[in-house]
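Within every chain, numbering begins at 1; the chains are lettered A, B, ... in the order of the sequence lines, protein sequences first and strands thereafter.
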Protein chains: 2
Amino acid sequence: MNLEEAKIKYIQTWGSLATSWGINKTMAQVHALLLVSTNPLSAEDIMETLKISRGNVNMNVRALIDWGIVKKEFVVGERKEFFVADKDIWELFKQITKERKKREIEPVLKVLEDLQQIKDNSDEANEFKKVLSDLSTVTTSVNSILENAIKADEHWLLSNFTRILKK
Amino acid sequence: MNLEEAKIKYIQTWGSLATSWGINKTMAQVHALLLVSTNPLSAEDIMETLKISRGNVNMNVRALIDWGIVKKEFVVGERKEFFVADKDIWELFKQITKERKKREIEPVLKVLEDLQQIKDNSDEANEFKKVLSDLSTVTTSVNSILENAIKADEHWLLSNFTRILKK
DNA sequence: TAAAATTTTCAATAATTTTTGAAAGTTTTA
DNA sequence: TAAAACTTTCAAAAATTATTGAAAATTTTA
């Protein structure tokens, strides 16, 4: 396998992992392409390499910029826009975590809390509240871990984890 | 909001969270329904409550059993099968983590390792290998955390995390 | 053993999500 | 200012994923 093949394999692999975690395949592939590219790429470069339409490139690049993991870059003497991905994978991990936490986990925690408030003291209601409370505990716990992974310095995840392993 | 409404709200909320993490909505809803139900439910109970077809119930209940988070149960004097969800949410968390780790993360780690092996010493190849290596580090790290969450006792996640927070 | 009850399968259909591509919009150049 | 270069939008089409429901298979009862 040569370098080009390896890059393609990597782009495909990342795309399929993304799909099973609810991230659009093309978005992941565009990101992967920018990540392994040594120079900034234009919309056309991406279109050609991934064989996708202009509109699709535009939509997905914007989504990546919105997630804070891709930046626009200007190349001297060139009119069009170019894009680059941050090469720091920890930064990537932090950004993705941050976005998903905010968009998906926090709203669920809010609903779980609201549901706890129902005024009903039957055994059935109390059993339900117990389930909700347990769910909140796990969800909060996951949320906290993610929060710290975001807040702390680059290698929080690895360094803290290593410490736990050694205990 | 009364108890019934709260249960429905919870089932819907869980279903939509599941969707954004690549889990089938109905599968999550069936699980949520079993989780808040005080007694075992038959395929028909599920069909009626969630307004879905027999085939759909069958497919999704089997998937849940396959994931190890729902069990068949027999009710005396009844011919048909009934289903229950483990009420221990930590157990649920562990099972889901275990399955996703095995099915999705481990295969990716394998590919990343394979790709590292390309025999090419150009600057470009080395840069690519660096990206792969960083990805492997983060992925391995996430994988290890999940591994420990699975192996250790019920409240590993919470107790260890609390300790880190207090440092 | 055979009829009844129940579960499973899976081709067809429906719903959802993604992608296209051409038109509209914007920015830059001359 | 207007033509060229480029980007964005979005309705329609394509692709993917989920669901139905009726037929086949299996299990239970009598």
Side-chain angles (χ1 to χ4, degrees), chain A residues 11-34 40-67 70-84 100 103-104, chain B residues 11-34 40-67 70-84 100 103-104:
Chain A
I11 290 168
Q12 300 301 333
T13 303
W14 215 240
S16 86
L17 178 68
T19 302
S20 56
W21 286 82
I23 294 168
N24 172 306
K25 186 184 78 181
T26 305
M27 183 169 157
Q29 289 190 343
V30 170
H31 182 262
L33 175 60
L34 292 172
L41 300 181
S42 69
E44 294 202 339
D45 295 333
I46 299 170
M47 284 169 65
E48 282 165 25
T49 312
L50 300 180
K51 306 269 187 294
I52 58 178
S53 73
R54 183 174 299 283
N56 200 7
V57 169
N58 189 271
M59 298 280 257
N60 284 292
V61 166
R62 297 185 109 269
L64 289 166
I65 291 173
D66 188 39
W67 276 54
V70 160
K71 300 262 173 301
K72 277 189 189 177
E73 192 156 289
F74 296 98
V75 172
V76 285
E78 287 277 14
R79 203 150 161 179
K80 54 189 160 193
E81 298 174 331
F82 287 76
F83 307 97
V84 287
R100 301 206 74 156
R103 297 181 195 194
E104 296 151 14
Chain B
I11 291 168
Q12 301 299 334
T13 303
W14 215 240
S16 86
L17 179 68
T19 302
S20 57
W21 286 82
I23 294 168
N24 173 307
K25 186 184 77 180
T26 304
M27 184 168 155
Q29 290 189 343
V30 170
H31 182 261
L33 174 60
L34 292 172
L41 300 181
S42 69
E44 294 202 339
D45 296 333
I46 300 171
M47 285 169 66
E48 281 165 25
T49 312
L50 300 180
K51 307 268 188 294
I52 59 178
S53 73
R54 184 175 299 284
N56 200 8
V57 169
N58 189 271
M59 297 281 256
N60 284 292
V61 166
R62 296 184 111 269
L64 289 166
I65 291 174
D66 189 38
W67 275 54
V70 159
K71 300 263 173 302
K72 276 189 190 177
E73 192 155 288
F74 297 97
V75 172
V76 285
E78 287 276 13
R79 203 150 161 180
K80 53 190 159 192
E81 298 175 330
F82 287 77
F83 306 98
V84 288
R100 302 206 73 156
R103 297 181 196 196
E104 296 151 14

**Report entry** Straight-line distance of A/M27 CE to A/L64 CG, nearest 0.5 Å
**Finding:** 4.5 Å

**Report entry** Nearest-neighbour nucleotide for the B/N58 side chain, C/dT9, D/dT20, D/dT9 considered
**Finding:** C/dT9

**Report entry** Close side-chain approach of B/F82 and B/F74, heavy atoms under 4.5 Å
**Finding:** no

Report summary line: Among the nucleotides D/dC10, D/dT19, D/dT8, whichever has the atom closest to the side chain of B/N60 is D/dT19

Query raised in the report: Of all heavy-atom pairs between B/S42 and B/K80, which one has the smallest distance, and what is that distance?
Result: CB-CD, 4.0 Å

Query - CD on A/Q29 to OG1 on A/T13, rounded to 0.5 Å - result: 10.0 Å

Report summary line: By nearest-heavy-atom nucleotide on DNA chain D, the more 5' of A/E44 and A/T19 is A/E44

Query raised in the report: Has the side chain of A/R79 got a donor or acceptor atom sitting under 3.5 Å from an opposite partner on the base of C/dT28?
Result: yes

Report summary line: Note: contacts of residues 24-33 of chain B with DNA chain C (heavy atom, under 4.0 Å) are none

Query - Side chain of A/K80 (C-beta onward), nearest among C/dT7, D/dT8, D/dT7 - result: D/dT7

Query - Whole-Å distance separating the CD1 atom of A/I46 from the C1' atom of D/dT8 - result: 15 Å

Query raised in the report: So among B/T19, B/I46, B/N60, which one has a side chain to side chain contact (heavy atoms under 4.5 Å, CB included) with B/T26?
Result: B/N60

**Report entry** Among A/L34, A/V30, A/L33, the one residue meeting side chain to side chain contact (heavy atoms under 4.5 Å, CB included) with A/F83
**Finding:** A/L34

Query raised in the report: Looking at C/dT8, C/dG21, C/dT7, which one has an atom nearest to any side-chain atom of A/S53?
Result: C/dG21

Query - Integer-rounded Å distance: D/dT9 C1' and A/N56 CG - result: 13 Å

Query raised in the report: Any side-chain heavy-atom pair from A/I11 and A/L50 closer than 4.5 angstrom?
Result: yes

Query - Whole-Å gap separating P (C/dT7) and CZ (B/R62) - result: 12 Å

Query raised in the report: DNA chain D: B/I52 or A/A43, which has the more 5' nearest nucleotide?
Result: A/A43

Query raised in the report: Rounded to whole angstrom units, what separation is found between the CE atom of B/M47 and the P atom of D/dG21?
Result: 9 Å

Report summary line: Atom CD of B/E78 and atom C1' of C/dT7 are separated, to the nearest Å, by 15 Å

Query raised in the report: How close or far is atom P of C/dT19 from atom CG of A/L50, stated in whole angstroms?
Result: 10 Å

Requested in this report: May I have the distance from A/F74 (atom CZ) to D/dT7 (atom C1'), rounded to whole angstrom?
Outcome: 12 Å

Query raised in the report: Roughly how many Å is it from CZ in A/R54 to P in D/dA5, rounded to a whole number?
Result: 13 Å

